[in-house]
Undergrad: 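Just passing along the structure, written as structure tokens.
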Amino acid sequence: MGGFFGVAAKDDCMFDLFFGTDYHSHLGTRRGGMAVYGENGFDRAIHNIENAPFRTKFDKDMQEMKGNLGIGCISDYEPQPLIVRSHHGTYAITTVSKINNANEIVDKLFTNGNTHFLEMSGGDINPTELVASIINQKENIIEGIHYALELIDGSLTLMLLTPKGIYAARDKYGRTPLVIGKKEDAYCLSFESFAYQNLGYQDYKELGPGEIDIVTPEGVKTLMAPGKDMKICTFLWVYYGYPSSSYEGISVEKMRYNCGANLAKRDNVKPDIVAGVPDSGTAHAIGYSNASGIPFSRPFIKYTPTWPRSFMPTIQSKRNLIAKMKLIAVHDLIKDKSLLLIDDSIVRGTQLRETTEFLYQSGAKEVHIRPACPPLIYGCKYLNFSRSSSEMDLITRRVIAKLEGTEDVSDEILQEYADPESEKYEQMIEEIRKELNFTSLRYCRLDDMLDAVGIPPENLCTYCWNGKE
């Protein structure tokens, strides 16, 4: 995934830029970066933040960098922001993107005279560099950004810093968010709406799908009006988003309460306690508890001082180990208890199976699992939700292949497995339950999850659950 923050101020922007960017640390831990423009031109710093938080790595840079215009990012993949010199002049650029047709675009750019791209350590081309090259194909920056939004298959939201101001563009279908805040003598741009609240900014506007604006210390100007078609990622509310964020005016925390309540309304088990897998399952569990009357409890605690997240290591075995190391049991709340546990989702199933075994070993009598979203059946085409190279990494697809006797399953058959009223769906759920050793398993239904969000379903992307764009 990834997130970013930008500031256009009449005075030095570094304090706001530093802390606004840091507030996006939950969205990635591979790279962090900041770029500013001031009296001495452009300045930039990029650091690896896999083993230390953003604040630690960039504290010295914050003291030394100066400028009234700046952009910063937390990236889960490529180093950025990049500083680019082109016929548009020099600019810095950062993106949140997933480019499915990168090879085709590279071939097209080579045909048009682009001479080379720098490869990253894994052999891939930096997606942000590719976006810059697309923008540079056009006569002006606005046309170039619009061209990139149209050309890319996947998603693209970006900020582009020039001496004149910061260009901001939201994905063509609004799959990822971009909001602007305002205070006296400054404007900011942010992926997460909460990131500027403690910095004194007030909500100013949320860019619409495909909208392009330019932000300066004096104001915000719309350069390209938003489109009508919206497909924002529903998983932002279920998992990615920080609890204090809102997207399209809908609170992440409130949505999760609603989602848990909808899960409870369809349930018939009577556990002793309801708990959430820390941290993303906690709010769903509170909603479930409030609706069902079953007490909410915290039978295990995540040790956060040195292990704030588990989703980061790229090697799956290490991710699983870290997730296991972080959970500390409260045995008095587990022993001889029937537990209902809510997680945001089940992807591969490895971590949740180990968590369940951990609870049994700590004395749990029963462990009922309630994922807060439907079964993930399709690999996401629009966000870097997972670096998996195959949909067979999904536990649903492995189970479907087992039930069907082949990995080559038609979309028509997959649609049956996605239908919570079908026999194939029930078979899949029971097979997952047995494989992961749960006492019972019931997923949130798609219609209940969409109801929990509360905006028109046609404006929400549900591809990973039902394959529909």
Side-chain angles (χ1 to χ4, degrees), residues 1-8 16-17 20-21 23-24 27 69-73 81 91-98 128 131 135 141-152 154-162 164-183 186-197 201-234 236-237 240-242 245-252 382-383 453 455-456 459-461:
M1 187 56 156
F4 53 49
F5 193 82
V7 181
D16 288 1
L17 180 64
T21 304
Y23 269 133
H24 289 80
L27 292 172
L69 300 170
I71 58 176
C73 70
Y91 62 82
I93 181 172
T94 184
T95 70
V96 174
S97 68
K98 188 174 192 303
T128 299
V131 171
I135 292 171
I141 288 177
I142 303 169
E143 288 181 6
I145 293 174
H146 180 64
Y147 180 51
L149 294 177
E150 292 292 327
L151 183 63
I152 287 171
S155 67
L156 170 65
T157 297
L158 64 83
M159 292 191 301
L160 191 151
L161 168 65
T162 75
K164 295 180 180 179
I166 303 172
Y167 291 88
R170 186 174 177 184
D171 175 70
K172 179 181 177 181
Y173 293 107
R175 299 190 188 278
T176 47
L178 181 52
V179 294
I180 296 176
K182 177 184 179 181
K183 69 178 179 181
Y187 289 85
C188 70
L189 309 94
S190 186
F191 185 102
E192 293 282 39
S193 61
F194 79 90
Y196 51 75
Q197 292 177 1
Y201 294 85
Q202 302 295 319
D203 295 335
Y204 181 75
K205 68 177 291 188
E206 189 166 6
L207 272 67
E211 181 177 346
I212 304 174
D213 288 4
I214 185 167
V215 181
T216 67
E218 287 73 34
V220 179
K221 182 178 180 181
T222 299
L223 304 173
M224 187 159 291
K228 296 180 180 179
D229 296 329
M230 167 81 77
K231 282 292 181 182
I232 186 170
C233 173
T234 312
L236 287 167
W237 286 277
Y240 282 125
Y242 206 69
S245 265
S246 295
Y247 309 111
E248 302 303 317
I250 305 298
S251 159
V252 168
Y382 304 109
L383 277 72
V453 178
I455 66 175
N459 291 341
L460 293 166
C461 181

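Because the structure is predicted, anything quoted here is derived from the model rather than measured.
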Undergrad: Test Val131 against every option in Leu158, Thr94, Leu160, Ile145 by the side chain to side chain contact (heavy atoms under 4.5 Å, CB included) rule and name the one that passes.
TA: Leu158
Undergrad: For Lys164, is there any backbone N or O sitting under 3.5 Å from a side-chain donor or acceptor partner on Thr162?
TA: yes
Undergrad: Determine, for Lys172 against Asp229, whether the closest basic-nitrogen to carboxylate-oxygen distance falls under 4.0 angstrom.
TA: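 No, no charged N to carboxylate O under 4.0 Å.
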Undergrad: Distance from Lys183 atom NZ to Gln202 atom CD, nearest 0.5 Å?
TA: 10.5 Å
Undergrad: Could you walk me through whether Ile135 and Ile93 pass the side-chain contact (heavy atoms from CB on, under 4.5 Å) check?
TA: CA-CA 11 Å; Ile135 292 171; Ile93 181 172; 3.9 Å; yes
Undergrad: Are the side chains of Leu149 and Tyr173 in contact, using a 4.5 Å heavy-atom criterion?
TA: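 No, every pair of side-chain atoms sits at 4.5 Å or beyond.
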Undergrad: Out of curiosity, Cys233 SG to Asp171 CG, how far, rounded to the nearest 0.5 Å?
TA: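 These two atoms lie 11.0 Å from each other.
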Undergrad: Within the 3.5 Å criterion, strictly below it, is a donor on Asp203 or Tyr196 matched to an acceptor on the partner's side chain?
TA: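 Per modelled atom types, Asp203 and Tyr196 side chains form a pair under 3.5 Å.
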Undergrad: Are Val215 and Tyr167 side-chain neighbours, meaning at least one heavy-atom pair lies under 4.5 Å?
TA: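 No, side chains not in contact.
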Undergrad: Strictly distance-based, threshold 3.5 Å: is any side-chain N or O of Asn459 a donor or acceptor partner for the main-chain N or O of Lys231?
TA: no
Undergrad: Would you indicate whether the side-chain heavy atoms of Pro81 and Thr95 approach each other to under 4.5 Å?
TA: no
Undergrad: Quick one: side chain to side chain contact (heavy atoms under 4.5 Å, CB included) partners of Tyr23, sequence neighbours excluded?
TA: Phe194, Ala195, Asn198
Undergrad: Quick check: Tyr204 with Tyr187 (ring centres under 6.0 Å apart)?
TA: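 Between Tyr204 and Tyr187, which both carry aromatic rings, the centre distance is below 6.0 Å.
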Undergrad: Less than 4.0 angstrom from a charged side-chain N to a carboxylate O is my criterion; do Arg170 and Glu248 meet it?
TA: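 Salt bridge: yes.
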Undergrad: When you look at Val96 and His24, which way does the side-chain contact (heavy atoms from CB on, under 4.5 Å) test go after all the steps?
TA: CA-CA 12 Å; Val96 174; His24 289 80; over 6 Å; no
Undergrad: Is the number of heavy atoms from other residues, nucleotides or ligands within 6.0 Å of NZ (Lys182) greater than 12?
TA: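 No, because the 6.0 Å sphere around NZ of Lys182 holds 12 heavy atoms or fewer from other groups.
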Undergrad: Dump the intermediate steps for side-chain contact (heavy atoms from CB on, under 4.5 Å) on Arg175 and Leu156, then the final yes or no.
TA: CA-CA 8 Å; Arg175 299 190 188 278; Leu156 170 65; over 6 Å; no
Undergrad: I need the Ile71 CD1 to Cys188 SG distance, nearest 0.5 Å.
TA: 14.0 Å
Undergrad: Judged by modelled atom types alone, do Ser246 and Ser251 share a side-chain donor-acceptor pair under 3.5 Å?
TA: no
Undergrad: Holding to salt bridge (Lys or Arg N to Asp or Glu O under 4.0 Å), I want the full list of residues that pass it with Glu206, two or more places apart in sequence or in another chain.
TA: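 Not a single residue meets the salt bridge (Lys or Arg N to Asp or Glu O under 4.0 Å) criterion with Glu206.
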Undergrad: Establish, from distance only, whether the side-chain atoms of Glu192 and Tyr240 form a donor-acceptor pair under 3.5 Å.
TA: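 Distance-only check fails for Glu192 and Tyr240.
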Undergrad: Find out whether Cys461 and Tyr382 are in side-chain contact, i.e. whether some heavy atom of one side chain is under 4.5 Å from a heavy atom of the other.
TA: yes
Undergrad: Is there a side-chain contact between Pro177 and Leu236 in this structure, where contact means two heavy atoms from C-beta onward sitting under 4.5 Å apart?
TA: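 Pro177 reaches Leu236 side chain to side chain.
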Undergrad: For a 4.5 angstrom cut-off between non-hydrogen side-chain atoms, does Asp213 reach Leu207?
TA: yes
Undergrad: Quick one: are Phe191 and Leu27 in side-chain contact, heavy atoms under 4.5 Å?
TA: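 The answer is yes; the side chains approach within 4.5 Å.
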Undergrad: Test of understanding: with side chain to side chain contact (heavy atoms under 4.5 Å, CB included), list the residues that count as partners of Leu460, not counting sequence neighbours.
TA: Ile232, Thr234, Trp237, Leu450, Val453, Ile455
Undergrad: Quick one: are Thr21 and Phe5 in side-chain contact, heavy atoms under 4.5 Å?
TA: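 The answer is yes; the side chains approach within 4.5 Å.
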Undergrad: So if I apply the salt bridge (charged side-chain N to carboxylate O under 4.0 Å, His left out) rule between Glu211 and each of Lys221, Lys205, Lys228, which one comes out positive?
TA: Lys205
Undergrad: Begin with the C-alpha distance, continue with both residues' side-chain angles, and end with the deciding distance and a verdict on side-chain contact (heavy atoms from CB on, under 4.5 Å) for His146 and Ile212.
TA: CA-CA 8 Å; His146 180 64; Ile212 304 174; 4.1 Å; yes
